[in-house]
Amino acid sequence: MRYIKTFLFLLILFIIPVFLFFIISTSLKSDKANLDNTPTFAIAIHGGAGFMKKESLNDEKYKLYIDKLNQALSIGINILENNGKGLDAVEKVINFLENDSLFNAGKGAVFTHEGKNELDASIMDGKTLNAGAVAGVTKIKNPISAARKVMENSKHVLLSGDGANKFAEKQGLEIVDDSYFFTTEKYNRLQKILKKEQESEKHGTVGCVVLDKFGNLAAGTSTGGMTNKMYGRIGDSPIIGAGTYANNNTCAVSCTGHGEYFIRYAVAHDVSALMEYKNLSLEEATNLVINKKLVTAGGAGGLISVDKNGNISLQFNTTSMFRASYQSNGKRVVKIFKD
Ligand code: ASP
């Protein structure tokens, strides 16, 4: 009987107040989240930055690009809304863009000087800092999926060329004949550059960054590289810290542009480092890197990024960047040119 009394006494004195405190503070937190209107998830995608002029894009083509970006965005939103993982959203969105010849990734990859297609891709998990990448692959239908397999099923971060092709095949990914990557539009673009009728094309990569409902950040990038690139040239897209980076403490970044500059300036990691060490906001960090450091250096391009609070920054120093973004509190953006 005495024990029961002591127990009841303790219950009233400690356990009930602690329990009440927990309930009240949880409900206050969720009220605050609602008041702040903080997004529970956020996603941004790009289809490459470049110097496209408004006049060069007729209404039909403009609508086509906007539709594709919208479709890609909806794939990601659907996964995230249904409690999917950020990495799945990144992979599936990029798969969709890789399978569309409009973009310079997968099916629509541009041609090397020799008239071949060599593709690069990378993916990174901001929670674990695990990463995977493939470079110079020629037979993998969806390089971003190969990058994910490297991350999850190998002890390496970056596989290249034939080794990467073989690894992907062993992992059960779809292998295609080189001819799969032939598209007349991209081939003609190479011919024009070779005949010096057009400036070297540096852009058209695809990428996706995500904050999922579990607070995890993820980033991925996939590309055919630059038209007329040298055989064996590898750009920034498969280089972790240059073209792709994700860290739950800061942000997730996917870049597009003149890869050599993005490698030399470690662009994706620089954005994260500026946030971590200098306490810059995502917008301040991306603006500094893209519009100041890269512009001073002469590096053309842009990036998409999302931070751990669901803020999004889409930054480019070119005239155009195919881009789309969505925050779960309702903000949807789909654009190509400045404004
Ligand atoms: N960054 C890519 C590369 O240099 C090209 C692009 O973004 O369009 O390979």
Side-chain angles (χ1 to χ4, degrees), residues 44-52 65 69 94 97-98 100-113 116-124 133-138 143-144 147 158 160-161 164 181 183 185-186 189-190 193 198-209 219-245 253-271 286 289-290 293-294 297-305 314-323 336:
I45 62 180
H46 73 74
F51 289 98
M52 187 171 264
Y65 275 113
L69 289 168
I94 294 183
L97 297 168
E98 284 176 335
D100 196 305
S101 64
L102 270 186
F103 301 96
N104 171 22
K107 172 79 183 142
V110 296
F111 285 82
T112 64
H113 182 74
K116 298 258 159 59
N117 308 95
E118 295 176 0
L119 292 76
D120 302 333
S122 66
I123 193 162
M124 185 161 185
V134 292
V137 296
T138 52
I144 195 70
L158 172 59
S160 73
F181 298 110
T183 57
E185 195 201 322
K186 304 288 162 63
R189 192 182 291 178
L190 171 68
I193 291 172
Q198 186 182 310
E199 282 250 329
S200 176
E201 250 300 328
K202 295 166 186 131
H203 315 291
T205 300
V206 305
C208 179
V209 294
T221 312
S222 182
T223 189
M226 287 163 55
T227 305
N228 196 28
K229 67 184 179 181
M230 259 176 77
Y231 167 66
R233 178 264 187 189
I234 290 170
D236 60 312
S237 309
I239 310 288
I240 297 301
T244 303
Y245 193 71
V253 181
S254 167
C255 301
T256 168
H258 195 157
E260 279 67 13
Y261 288 87
F262 283 73
I263 296 174
R264 289 166 51 214
Y265 285 80
V267 167
H269 184 262
D270 198 21
V271 171
T286 56
V289 175
I290 295 295
K293 289 187 178 192
L294 275 188
L303 59 77
I304 52 166
S305 55
L314 314 170
Q315 213 64 258
F316 54 105
N317 61 30
T318 51
T319 55
S320 59
M321 182 167 82
F322 296 97
R323 62 200 188 278
I336 300 176

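Atoms within a ligand are numbered from 1 in the order they appear, just like the ligands themselves.
When the heavy-atom distances from atom 5 (C) of ligand 1 to Leu303, Thr205, Val267 are ranked, the shortest goes to Thr205. Taking each of Gly235, Gly257, Gly225 in turn, the one with a heavy atom nearest to atom 2 (C) of ligand 1 proves to be Gly257.
Proximity of a side-chain donor or acceptor of Lys186 to a complementary backbone N or O of Phe181 within less than 3.5 Å is not detected.
Atoms of ligand 1 lying under 4.0 Å from any heavy atom of Asp236, numbered from 1 in the order shown and given with element: 1 (N), 2 (C), 3 (C), 4 (O).
In this structure, Asn104 CG and Met226 CE are separated by 10.5 Å, a value rounded to the nearest 0.5 Å.
For ligand 1, the polar-atom distance check finds an N/O of Gly204 within less than 3.5 Å of one of the ligand's N/O atoms. For ligand 1, the polar-atom distance check against Thr256 finds a nitrogen or oxygen pair separated by under 3.5 Å. Considering backbone and side-chain N/O of Asn104, none are found under 3.5 Å from N/O of ligand 1. At under 3.5 Å, not a single nitrogen or oxygen of Asp120, backbone or side chain, sits near a nitrogen or oxygen of ligand 1.
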Next item on the list: Let me see the working for Glu118 and Thr138 under side-chain contact (heavy atoms from CB on, under 4.5 Å), right down to the final yes or no.
Entry: CA-CA 5 Å; Glu118 295 176 0; Thr138 52; 4.2 Å; yes
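Looking only at side-chain heavy atoms (C-beta outward), His46 and Phe316 stay at 4.5 Å or farther from each other. The shortest side-chain heavy-atom distance between Leu294 and Phe262 falls under the 4.5 Å cut-off.
With a 4.0 Å heavy-atom cut-off, ligand 1 is reached by the side chain of Arg233 but not by its N, CA, C or O.
Results of the side chain to side chain donor-acceptor pair (under 3.5 Å) test with Thr205 over Thr223, Thr221, Asp236 single out Thr223 as the only residue that passes.
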